[in-house]
Amino acid sequence: METIDQQKVERSLALTPSWIELSRAALENNLSYLREQAGDEVELCSVIKANAYGHGIAHFLPLAESCGIRRFALFSTDEAECAMQARRSSETDLLIMGAIPDDALEWVISNDLSFFVFETDRLEAVLKTVRRIGRTARIHLEIETGMHRTGIEPDQFEEVSNRIREAGDLIRLEGISTHFAGAESVANHLRIQKQRKRFTDAVAWFNRALGPIPLIHAASSAALFSYPDSTWTMVRLGIAQYGYWPSPEIQMLARQQEMKLSTRPLERLLNWKSRIMSVKEVKEGEFVGYGTLHMTGRTERIATVPVGYSQGFGRNLSNAGYVLVRGERARVVGAVNMNMLTIDVTEIDGVQRGDEVVLIGRQGEDEISLASFGEVQNNLNYEVLARLPERLPRRIV
């Protein structure tokens, strides 16, 4: 597989109004920290759904490969196709956890991708396909334990095990899994304890029925910290590998455990940047931008940044958000529109066209964290990241 064309990347960066930088050092740190938390016997699977949580599959996957990750989980077949093009190692395995249209099963199986089976209808479709094409399907059974979304029900275990056994070499059962319903919050503790018991019983049942299953996995980033005894043989790492805590509760739990670890806690990979496109003075008593959201209370220096809600900088950050310019905070004034926002730089010396603007990330001694950006928008970290447009250029730093 060809590597990313760096000249093309730099050309895109020169042409684009904003871009994203990903820190190799931060990912290396995060994976070391999470490996120590999980233990040497537990495999780390990198979850890269939603365009690698906004970081970009094409850039993040080979970066994670270079840090030793060899298994990646995605949601759908289109994401898997992107990941196939991005991976560099023949040893890298891709696991599809969600949407596979029946008419795409042949493509998935022929490309030796592993995938979740979470209902008997899907299993029947798989059996029909493998018998027709004579190829082996590599499957992970997802068990319904109380999430009530997708999963094989206990009263279907016998039927499923019989069908897998009858298929012989055409079905290879590589894993058994479930997903906890909110491991990031203590409010869900009782529900998750019930899930753990049901999953433990299911694992024991299938091990007896079909023999030892190599990969047993339920824990996400949150469960790695809140339920460390539920890691089994693999953890599906999502938000934490990118440098974000699943919730403030998980961050507090991790802080309590830091004394036992030699590695540093999580560091954010992502920085989102732009440049000032214009600066002008606006006299006292004038409205800035659309409508009457901001009236100048004095002569103000207003800078325009070529980023708006079409690029993921929400309209609800109008008169509320902040960015960094020359290491200082500048308030968003007036309405964020489709492709531009305006900021007040009156108190920041020397601001001029071309100056770097940090939308998320660090500049100088200050930082706009994803958490603070998300809180202003009243959005979760996950939602802010997933909304970052795929078309924004990304580069590794």
Side-chain angles (χ1 to χ4, degrees), residues 34 37-38 42-50 52-53 71-77 79-80 93-100 113-123 138-157 160 173-206 213-242 244-247 249-250 253 380-383 385-386:
L34 295 166
Q37 182 73 28
V42 177
E43 181 176 351
L44 301 185
C45 174
S46 171
V47 179
I48 55 172
K49 61 184 180 180
Y53 288 57
R71 196 181 301 275
F72 295 86
L74 317 99
F75 177 74
S76 56
T77 44
E79 291 179 342
D93 184 62
L94 304 178
L95 170 62
I96 303 174
M97 301 184 293
I100 306 174
L113 305 177
S114 56
F115 57 97
F116 276 20
V117 168
F118 45 72
E119 60 185 10
T120 55
D121 285 353
R122 172 169 282 190
L123 181 58
R138 301 166 51 223
I139 69 169
H140 292 235
L141 291 180
E142 183 184 12
I143 306 301
E144 174 58 76
T145 59
M147 183 75 166
H148 300 300
R149 197 172 58 179
T150 53
I152 303 293
E153 301 280 355
D155 62 3
Q156 298 172 323
F157 287 1
V160 168
L173 179 57
E174 295 189 343
I176 185 168
S177 70
T178 196
H179 189 65
F180 293 140
E184 69 279 358
S185 174
V186 70
N188 301 315
H189 179 73
L190 181 60
R191 184 179 178 187
I192 289 171
Q193 290 289 46
K194 291 179 180 178
Q195 285 190 272
R196 291 171 67 199
K197 174 63 166 60
R198 291 166 185 157
F199 186 59
T200 300
D201 291 346
V203 169
W205 196 98
F206 279 101
I213 299 169
L215 295 174
I216 301 169
H217 50 106
S220 60
S221 294
L224 175 59
F225 293 95
S226 56
Y227 301 97
D229 57 347
S230 68
T231 53
W232 279 281
T233 61
M234 188 172 82
V235 173
R236 302 188 303 265
L237 291 177
I239 197 80
Q241 66 184 322
Y242 303 106
Y244 307 100
W245 301 104
S247 69
E249 287 182 37
I250 298 300
L253 274 175
L380 296 171
N381 281 350
Y382 302 82
E383 187 174 353
L385 288 170

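Side-chain atoms are counted along with the backbone in the values below, which use heavy atoms only and exclude waters and symmetry mates. Just so we're clear, the structure is a prediction, and the values are computed from it rather than from any experiment. We count residues from 1, following the sequence as given.
The salt bridge (Lys or Arg N to Asp or Glu O under 4.0 Å) search around E249 returns none, not counting sequence neighbours. For the ring-ring contact (aromatic ring centres under 6.0 Å, His included) test, residues two or more places apart in sequence or in another chain that qualify with F199 are W232.
The closest side-chain heavy-atom distance from V47 to M97 is below 4.5 Å. For the pair L94 and E79, the minimum side-chain heavy-atom distance is 4.5 Å or more. Residues I48 and Y242 meet the side-chain proximity criterion, which asks for heavy atoms closer than 4.5 Å. Inter-residue side-chain proximity for I239 and L385 is flagged as met; some heavy-atom pair is nearer than 4.5 Å. Side-chain contact between R138 and D93 is present, with at least one heavy-atom pair separated by less than 4.5 Å. Two residues are said to be in side-chain contact when any heavy atoms from C-beta on lie closer than 4.5 Å; P214 and T233 fail this criterion. The side-chain heavy atoms of F180 and S230, taken from C-beta on, include a pair separated by under 4.5 Å. In this structure the side chain of L173 reaches within 4.5 angstrom of the side chain of I213, judged on heavy atoms.
Residue H140 forms a side chain to side chain contact (heavy atoms under 4.5 Å, CB included) with just one option from I216, L215, I176, and that option is L215.
Scanning all heavy atoms of the two residues, the minimum distance from S226 to A183 falls at OG-O, 2.9 Å. Here the closest heavy-atom approach between residue G98 and residue F118 is recorded as O-CE2, 3.8 Å. Closest non-hydrogen pair, L224 versus A219, comes out as N-CB, 4.3 Å.
Remark: side-chain polar atoms of T231 are not paired, donor with acceptor, to backbone N or O of A38 under 3.5 angstrom. Of the possible donor and acceptor atoms, none in the side chain of S177 sits under 3.5 Å from a partner among the backbone N and O of I143. With T150 contributing its side chain and E119 its backbone, the two residues share no donor-acceptor pair below 3.5 Å. Between the side chain of S221 and the backbone N or O of G238 there is at least one donor-acceptor pair closer than 3.5 Å. At least one donor-acceptor pair closer than 3.5 Å links the side chain of E144 to the backbone N or O of G146. In this structure, the side chain of Q195 engages the main chain of H179 through a donor-acceptor pair within 3.5 Å.
To the nearest 0.5 angstrom, Q193 atom CD is 11.5 Å from N188 atom CG. Atoms CG and OG1, from L113 and T77 in turn, are 9.5 Å apart once rounded to the nearest 0.5 Å. Of the inter-residue distances, the one linking R236 atom CZ with L44 atom CG reads 13.0 Å to the nearest 0.5 angstrom. Note: I139 CD1 to S114 OG = 10.5 Å, rounded to the nearest 0.5 Å. Remark: L95 CG to F75 CZ distance equals 12.5 Å, nearest 0.5 Å. Residue S76 holds its OG atom at 14.5 Å from CZ of F115, rounded to the nearest 0.5 Å.
For residues 183-196, the set of pairs meeting the salt bridge (charged side-chain N to carboxylate O under 4.0 Å, His left out) definition, not counting sequence neighbours, comprises R196-D229.
Ring orientation note: the planes of F225 and W245 are nearly perpendicular, at an angle over 60° on the 30°/60° scale.
Side-chain polar atoms of Q241 and S46 form a donor-acceptor pair below 3.5 angstrom.
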